[in-house]
Amino acid sequence: MIHRTSPTARGAQQLVPFARHPQRWERERTRAARRGHVCGDAGCDPVLIRERTRWGWLDWTVPADGNLPDQPYRIAVLTPNATRTQRLGLRWLARLPGRRIEIGAVELRTATVVVMVLGLAAAALAAPCGAPLSIVLSAAAVASMLVEHLPDRIDDRIGENVRIVEAEAGCRYLQRISALYTDIVRAAAGSKRYELRRAVEIGHHQLFDIADLLQQHDTRSISSMLIARERLMLQLAAQAVGMPRR
């Protein structure tokens with residue numbers, strides 16, 4: 001989208017999983033392969049490894065050939081200047097989704113199945129003690145429904161403070177922008193200069209706004225706005241990287 005790019009822009013295209021901790025990627029990839037969760041067929045569900053950052057998280061797929069993925073499968077950007085309650089909620093949202101178990105034609109959370117089994121066991125133990133079986137089974141049913149549906153309700157509520165991009169073109173573009181912002185964060189790490197701290201704040205707002213645009217539109221329809229914001233991030237990253245830390 002920009003013909004002339006600075007060295008910072010070229011570096012932005014090289015964002016890889018766990019760039020500062022490559023051994024972490026190897027551990028996660030080896031664990032996924034050991035569990036048999038890696039496949040090369042197009043019909044297989046992607047196995048995701050989540051990398052958390054100070055501004056959100058990235059979900060990476062695990063290629064069957066052992067190479068690094070070219071781009072994230074999903075990118076999420078947290079809202080800037082979040083309150084403490086929002087940050088706690090966003091940590092909940094950043095968790096990896098729980099696994100599901102197919103029971104006939106129904107898919108249930110693993111936790112739901114566990115609660116159902118425990119409820120039946122509690123009913124069996126309560127019957128000899130004279131406890132009303134209807135109350136025990138009703139409580140078990142309510143607990144199972146809460147475990148199954150409550151996390152989705154919480155996710156919807158907390159999701160108002162996060163922008164998630166999953167489209168391939170959107171993730172490819174946001175990957176470059178997030179790499180630029182990562183350069184800004186690294187340049188400001190440990191520095192007390194107001195200009196660097198302000199660059200981090202502005203960059204986070206820009207990253208969040210770009211993710212908001214990509215979540216609602218395709219890259220073609222908003223190309224002019226994306227070009228303007230990318231140029232701003234390029235300038236911001238170049239100034240932050242070239243600025244003395246003290």
Side-chain angles (χ1 to χ4, degrees), residues 12-40 42 44-80 82 84-101 107 109-112 147-148 150-186 189 203-204 207-208 210-212 214-215:
Q13 300 176 2
Q14 302 174 358
L15 186 66
V16 296
F18 302 97
R20 306 191 70 177
H21 305 283
Q23 67 279 4
R24 170 75 184 280
W25 169 258
E26 290 299 327
R27 290 200 304 267
E28 297 290 347
R29 186 185 63 83
T30 302
R31 185 181 296 112
R34 188 184 304 117
R35 295 177 179 176
H37 292 160
V38 178
C39 61
C44 292
D45 294 332
V47 180
L48 302 178
I49 296 178
R50 178 156 295 179
E51 178 183 2
R52 292 180 175 87
T53 67
R54 61 175 296 172
W55 49 264
W57 68 85
L58 304 94
D59 287 338
W60 301 93
T61 57
V62 184
D65 56 7
N67 295 326
L68 293 174
D70 296 330
Q71 70 178 55
Y73 178 83
R74 181 188 299 116
I75 302 178
V77 182
L78 309 182
T79 179
R84 182 176 180 84
T85 303
Q86 289 175 335
R87 290 187 178 277
L88 292 175
L90 293 173
R91 288 180 64 86
W92 158 271
L93 191 64
R95 78 196 188 285
L96 284 173
R99 298 180 182 177
R100 290 185 172 271
I101 299 177
E107 280 192 359
R109 300 177 188 270
T110 304
T112 303
V147 172
E148 179 65 23
L150 187 59
D152 293 334
R153 303 296 183 184
I154 297 176
D155 290 349
D156 293 340
R157 179 63 177 174
I158 301 175
E160 300 174 357
N161 301 315
V162 65
R163 299 295 180 265
I164 300 176
V165 179
E166 295 184 346
E168 182 178 358
C171 280
R172 187 182 304 112
Y173 180 84
L174 195 57
Q175 179 185 13
R176 298 204 309 268
I177 303 302
S178 60
L180 289 173
Y181 182 64
T182 301
D183 291 339
I184 298 174
V185 172
R186 291 176 180 173
H204 195 169
L207 188 65
F208 185 80
I210 292 172
D212 183 57
L214 293 173
Q215 181 177 272

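Looking only at side-chain heavy atoms (C-beta outward), W57 and L78 come within less than 4.5 Å of each other. Residues T61 and L48 form a side-chain contact, since some pair of their non-hydrogen atoms from C-beta on lies under 4.5 Å apart. Two residues are said to be in side-chain contact when any heavy atoms from C-beta on lie closer than 4.5 Å; L174 and V77 meet this criterion.
One N or O on the side chain of E51 and one on the backbone of F18 form a donor-acceptor pair closer than 3.5 Å. In this structure, E166 contributes its side chain and R74 its backbone to no donor-acceptor pair below 3.5 Å.
Between V162 and A76, the shortest heavy-atom distance links the atoms CG2-CB, 4.0 Å. The minimum heavy-atom distance linking Y173 with L214 is given by the pair CD2-CD1, 3.9 Å. The nearest pair of heavy atoms linking P17 to L68 is CD-CD2, 4.3 Å. The shortest heavy-atom contact between R163 and D212 is NE-OD1, 2.8 Å. Nearest heavy atom pair, residue V165 against residue A211, reads CG2-O, 3.7 Å.
Between atom CD1 of residue I184 and atom OG of residue S178 there is a gap of 11.0 Å, rounded to the nearest 0.5 Å. With rounding to the nearest 0.5 angstrom, the CG atom of D70 is 9.5 Å from the CH2 atom of W60. For the atom pair CD (Q71) and CD (E168), the distance works out to 5.0 Å, reported to the nearest 0.5 Å. Q23 contributes atom CD, which lies 12.0 Å from atom OG1 of T30 (distance to the nearest 0.5 angstrom). Taking CG of D59 as the reference point, atom CZ of R52 lies at 9.5 Å (rounded to 0.5 Å).
Taking R27 as the reference, nothing meets the side chain to side chain donor-acceptor pair (under 3.5 Å) condition, with sequence neighbours excluded. Residues that satisfy the side chain to side chain donor-acceptor pair (under 3.5 Å) test with E28, not counting sequence neighbours, are R24, R31.
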